[in-house]
Structures are given as structure tokens and as C-alpha cells.
Amino acid sequence: IDSDELLKIYNTNINFYKTPEKRKILQFIFDNESKARVFLKNTKNLNDIDNYIKKNNINRADVDLGFLAKDELDTDIGNVSFNLKENTFSNVIQSTFGWKVIYLEMIKSENNLSFDQVKNDIKNDLTNNILNERVYEKANSFYEKFIESNDLEASLKYVNLDKKSIKEVEINSIKNLNIENNILPEEELAKIIFNLNANALSDPIESKNNNLFFIHLEKINKSVPKTLDVAKKEVIDSLYNKKKGQQSKKIVDTIYNEI
């Protein structure tokens with residue numbers, strides 16, 4: 001990717017390469033309107049906010065919100081803060097968390113980032129976009145080949161892809177599936193797997209790092225009702241293990257009391 005192409009992208013999207021205006025805001029919160037108005041009255045002719053904070057034993061970290069862009073603030077606070085001049089207080093603002101007074105300490109104006117500042121970012125974004133396009137193109141080719149042939153092995157070979165076999169998948173074992181870079185929750189993964197027919201292919205599924213994978217269901221082993229003997233044995237084993245645990249606890253308690 002040459003610099004001319006990167007510069008063309010920069011110039012076409014110049015408005016994107018800006019740091020937004022940010023404002024350094026102090027927020028004072030009071031539990032009632034009266035206290036907020038007294039505070040505002042006492043700071044009416046204030047020249048140095050730091051002296052006021054020190055004099056009144058206020059921890060600056062408790063009131064200093066730092067530099068924030070307008071879209072990082074609640075709408076009401078953002079509108080008020082971005083209509084203040086430097087070193088001025090807002091009027092009293094009622095909110096869910098009490099009564100507030102905003103102090104605007106400093107303004108950082110919107111700034112255009114130079115081409116040199118964002119050149120590497122543009123290159124990385126462009127490279128990632130190209131790679132993503134290739135991933136989707138390969139996935140589409142594989143999917144279309146499978147729809148056409150209904151042959152998994154031939155479709156994999158057609159686009160030079162590999163597969164990983166996972167056997168004996170049950171609804172209760174979904175959480176133990178080792179699918180590399182999977183980001184789907186168990187419920188979504190189970191829904192996809194158990195809604196597939198035999199020899200069916202899922203839609204492409206996004207994973208970490210913008211990769212894709214498919215799920216192919218080779219065959220379905222239908223559930224079979226347990227025989228009476230098997231069910232009886234499971235119940236007896238369960239009761240036995242429960243009784244065994246109770247007896248073990250009694251023995252431990254007896255030994256403990258004798259110590």
C-alpha cells in the first residue's frame with residue numbers, strides 16, 4: 001500500500017481524523033438545593049478554584065471529571081458544560097443523584113490530526129479491511145460449493161480449508177466444546193447445533209479477530225428411552241451415593257466430637 005493511496009484516503013475522510021473538543025470539568029454535588037445555592041453564592045467572585053478546594057478540604061479527585069468530550073457526558077450535563085466559558089460555574093442543576101454545580105476549568109479545542117499522525121492507523125485499517133474481504137470471499141466460496149455439491153470434503157478441498165471433528169455432542173456438554181476463538185454464548189451455540197439437520201451446514205459464524213467458522217452436522221444419534229433396568233440402577237446408585245455421603249459425615253462428626 002503506497003503513501004499516495006493512504007493520502008487519498010486521508011483527504012477523502014478528513015473530517016474523521018479529528019480529536020473532538022474536550023473540556024476539563026469539576027462537578028460539585030449536594031444533597032439539597034439550598035446547599036447548592038449557598039455554594040454558588042460563595043463562589044460567585046472566585047478567582048482560584050484550587051484555593052477554594054484546599055480551603056474547604058475538598059478532595060479534588062472526588063470532583064474532577066477530567067477532560068471529556070460532549071458525547072461522553074449525559075445530555076443535560078453535556079449541554080450545560082459545553083455552553084460555559086473557562087473558569088465559570090453553571091447554575092444549580094437538579095439530577096437523579098442530587099443537586100449539581102458544574103465548573104469549567106479548561107477547554108481543549110477540536111484538533112485536526114495530521115496525515116503523519118494517522119498514516120499508520122490508516123494503513124492498518126486498510127490492511128484489516130482487505131484481509132476481512134478475503135476471509136468473507138473464501139467463506140462464500142466454500143458455502144456456495146457446499147450448497148451446490150452437498151459434499152463437505154470436496155467443498156473444503158475447493159477452498160483449501162480444514163475441519164475439526166467433535167463427536168458425541170450433547171445439549172449438556174455444549175460448554176465443554178473446544179471451538180477455537182468462539183465468542184457465542186452456550187445458548188446460541190446450542191440453538192445453532194440442535195436446529196441443524198444431518199449433513200447440514202450452518203451460516204457463517206463470526207469468531208474473535210474477525211474470523212469465520214461453520215458448523216457441519218455429520219449425523220444425529222436419536223435419543224433412546226432408558227430401559228427399566230438401566231433407570232432402576234441409576235436410581236439405586238444415586239440413593240447409595242447419597243446414603244454413603246451421609247454416613248461419612250456422621251463418622252467425621254463423631255471423630256471431631258471425640259477430639
Side-chain angles (χ1 to χ4, degrees), residues 1-20 69 71-72 111-226 230:
I1 304 172
D2 60 38
S3 292
D4 289 341
E5 184 177 357
L6 297 178
L7 182 59
K8 183 179 179 180
I9 293 172
Y10 172 79
N11 289 328
T12 302
N13 301 279
I14 189 70
N15 289 330
F16 178 78
Y17 301 109
K18 291 181 178 180
T19 56
D71 61 6
E72 295 178 290
N111 181 44
N112 288 326
L113 297 172
S114 70
F115 174 64
D116 287 336
Q117 286 177 292
V118 298
K119 180 178 178 180
N120 288 334
D121 291 335
I122 297 173
K123 184 176 182 179
N124 290 335
D125 288 343
L126 188 57
T127 301
N128 288 333
N129 287 338
I130 292 171
L131 291 175
N132 288 339
E133 286 179 8
R134 289 177 181 173
V135 167
Y136 276 90
E137 285 173 4
K138 195 169 188 177
N140 286 335
S141 296
F142 165 72
Y143 189 80
E144 289 172 1
K145 186 67 176 178
F146 180 82
I147 297 300
E148 174 191 315
S149 65
N150 204 33
D151 186 328
L152 179 66
E153 296 302 328
S155 302
L156 291 169
K157 186 176 180 180
Y158 179 69
V159 289
N160 193 27
L161 288 176
D162 294 324
K163 71 174 182 179
K164 178 180 179 180
S165 296
I166 304 175
K167 298 181 179 181
E168 306 298 331
V169 177
E170 298 179 357
I171 193 71
N172 295 324
S173 65
I174 294 293
K175 63 182 178 182
N176 298 322
L177 293 184
N178 185 21
I179 299 178
E180 186 177 356
N181 293 325
N182 172 52
I183 56 176
L184 285 180
E186 294 173 27
E187 296 81 4
E188 289 297 318
L189 199 55
K191 189 184 296 184
I192 292 171
I193 293 172
F194 285 88
N195 279 322
L196 285 174
N197 295 319
N199 195 35
L201 188 69
S202 72
D203 290 333
I205 303 168
E206 289 190 0
S207 63
K208 292 179 181 176
N209 305 321
N210 295 321
N211 286 323
L212 297 172
F213 69 93
F214 293 85
I215 294 175
H216 175 264
L217 188 61
E218 186 172 298
K219 66 178 180 177
I220 300 173
N221 295 327
K222 298 290 186 181
S223 61
V224 178
K226 295 176 182 177
V230 171

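Hydrogens, waters and symmetry mates play no part in the numbers below; they use all other heavy atoms, side chains included.
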Open item on the list: With a 4.5 Å cut-off on side-chain heavy atoms, are I122 and F16 touching?
Closed with: no
Task: Side-chain heavy-atom pair H216, L196 within 4.5 angstrom cut-off - done: no
Open item on the list: Is the shortest side-chain heavy-atom distance between F142 and L156 below 4.5 Å?
Closed with: yes
Task: Student check: side-chain heavy atoms of L212 and E206 closer than 4.5 Å - done: yes
- [ ] May I ask you to test the Y143-D203 pair for a side-chain heavy-atom distance under 4.5 Å?
- [x] yes
- [ ] With the side chain counted from C-beta on, respond yes when V169 and L217 share a heavy-atom pair under 4.5 Å apart, and no when they do not.
- [x] no
Open item on the list: How long is the straight-line distance from CG of L126 back to CG of L131, given to the nearest 0.5 Å?
Closed with: 9.5 Å
Task: Side-chain heavy atoms of V159 within contact of K145, under 4.5 Å - done: no
Task: Side chain to side chain, I192 and L184, heavy atoms closer than 4.5 Å - done: yes
Open item on the list: Looking at F115, I'd like to know if its CZ atom is crowded, meaning that more than 12 non-hydrogen atoms belonging to other residues, nucleotides or ligands lie closer than 6.0 Å.
Closed with: yes
Open item on the list: Check whether E188 reaches the backbone of P185 with its side chain - one donor and one acceptor, N or O, closer than 3.5 Å.
Closed with: no
- [ ] Examine distances only and state if a side-chain atom of N195 and a backbone atom of K191 form a donor-acceptor pair shorter than 3.5 Å.
- [x] yes
